[in-house]
Amino acid sequence: MPIGIFDSGVGGLTVYSSIDRALPNSDIYYLGDTARVPYGNKSKETIVRYSLECASFLFENFKIDILVVACNTASSHAVDILKNYLSIPVIGVVEPGVEQALKVTKNGKIGVIGTYATIRSKSYKKNLLEKNKDVEVYQKPCPLFVPLVEEGLLEHPVTFIMIEEYLQEIVDKGIDTLILGCTHYPLLKESIKRVYPHLEIVDSSEVIVEKLKELNPLKEKGIRRVFVTDHSPAFIKLENLILSGVKVEKIELSEVCKI
Ligand code: DGL
């Protein structure tokens, strides 16, 4: 059962890595749209168009049976459109994250952090309230977390300053659970835990795996192929950490922009 995963860039490698470990026998095709990252500050129209193009690239070339939208921004704006457009199951990161947060919260006060576009879409907030109208949801865009992760400043003093700058306001509301609504943020999980040890941190990439595990794995080690539209330094830095030897293939953007 070939699985396609796409993200705007490097962040989705955290999702790739969870799926890779949990489903070693499945074929996995990853596309990082590194030539057009970030998606998080783009308009809905652009995010939807880019998402349709990435999904089509994976579907047309590799006959994937399931699509994982590893990007929170794309999941927030385009998952329903992708579900209508493709004839295969499409899993975004929002719903698994929401389900997990509702499972772990004790006081019903949940924080959500993400890019500007994800927070603007209110995707997490709407989904949480649809499933439980009694929870209180506090959102906060944390745009500087993405470049901090890409610069590898995971435990730098500047990162700790920004964690407090962004999070103190919603921590003061009494949240006991924090949804990491951006693919880059799991890399800051330990640093966030150090500042706020009492928070239950929800990382959608871990929850997605549970959904995929229901699939029937094949007998042999599955294929791994990773594509990028630009082999950027940020990607190279993270691929060395996460991909353990999988060769990254650079493709022309024109191969993705076909619809
Ligand atoms: N992958 C994006 C997300 O999860 C973060 C980077 C971007 O802005 O494209 O929202």
Side-chain angles (χ1 to χ4, degrees), residues 4-19 30-55 58 67-79 81-82 90-98 100-101 111-125 127 139-154 159 162 166 178-189 192 201-208 226-230 232-235 237-239 242 253 256:
I5 309 171
F6 83 85
D7 176 43
S8 56
V10 299
L13 287 177
T14 55
V15 179
Y16 170 95
S17 149
S18 305
I19 297 174
Y30 179 92
L31 172 62
D33 194 4
T34 35
R36 299 189 290 191
V37 73
Y39 286 11
N41 56 11
K42 305 268 186 321
S43 66
K44 181 177 175 74
E45 294 68 41
T46 301
I47 295 164
V48 168
R49 178 161 57 84
Y50 288 179
S51 302
L52 285 169
E53 288 170 351
C54 290
L58 292 167
L67 176 71
V68 176
V69 183
C71 177
N72 284 264
T73 303
S75 293
S76 296
H77 288 277
V79 124
I81 295 166
L82 288 169
V90 176
I91 302 182
V93 274
V94 175
E95 228 178 290
V98 162
Q100 181 65 7
V112 180
I113 55 175
T115 62
Y116 279 125
T118 294
I119 298 303
R120 199 177 59 228
S121 77
K122 299 198 176 77
S123 57
Y124 278 98
K125 187 170 182 168
N127 218 299
Q139 305 192 107
K140 182 80 187 177
C142 302
L144 286 180
F145 282 175
V146 169
L148 288 172
V149 167
E150 293 198 349
E151 288 300 317
L153 301 174
L154 307 184
T159 304
M162 287 319 299
Y166 283 143
L178 179 70
I179 300 178
L180 304 181
C182 173
T183 44
H184 283 62
Y185 301 176
L187 291 154
L188 294 176
K189 191 169 167 180
I192 294 173
I201 297 186
V202 174
D203 169 0
S204 311
S205 68
E206 288 167 5
V207 194
I208 266 195
V226 172
F227 301 92
V228 290
T229 48
D230 178 39
S232 60
F235 201 93
K237 220 182 266 175
L238 272 193
E239 80 192 41
I242 291 178
L253 196 50
V256 176

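We count ligands from 1, going down the list as the structure has it; atoms in each ligand are counted the same way. Given the structure is predicted, the values throughout are model-derived calculations rather than measurements.
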Self-check item: Rounded distance [0.5 Å steps], CD in Gln100 versus CD1 in Ile208
Solution: 12.0 Å
Quiz item: Counting only N and O atoms by type, is there a donor-acceptor contact under 3.5 Å from the side chain of Lys140 to the main-chain atoms of Gly111?
Solution: no
Quiz prompt | Rounded distance [0.5 Å steps], NE2 in His77 versus CZ in Arg120 | solution = 5.0 Å
Self-check item: Residues lining ligand 1 [heavy-atom distance under 4.0 Å, listed by chain and residue number]
Solution: Asp7, Ser8, Val37, Pro38, Tyr39, Gly40, Cys71, Asn72, Thr73, Thr115, Cys182, Thr183, His184
Exercise. Return the orientation label for the Phe145 and Tyr185 ring planes: parallel under 30°, perpendicular over 60°, tilted otherwise.
Key: perpendicular
Quiz item: Can you tell me how far CG of Leu82 sits from CD1 of Ile91, rounded to the nearest 0.5 angstrom?
Solution: 13.0 Å
Exercise. Go through the structure and list residues passing ring pair (Phe, Tyr, Trp, His ring centres under 6.0 Å) with Tyr39, not counting sequence neighbours.
Key: Tyr50
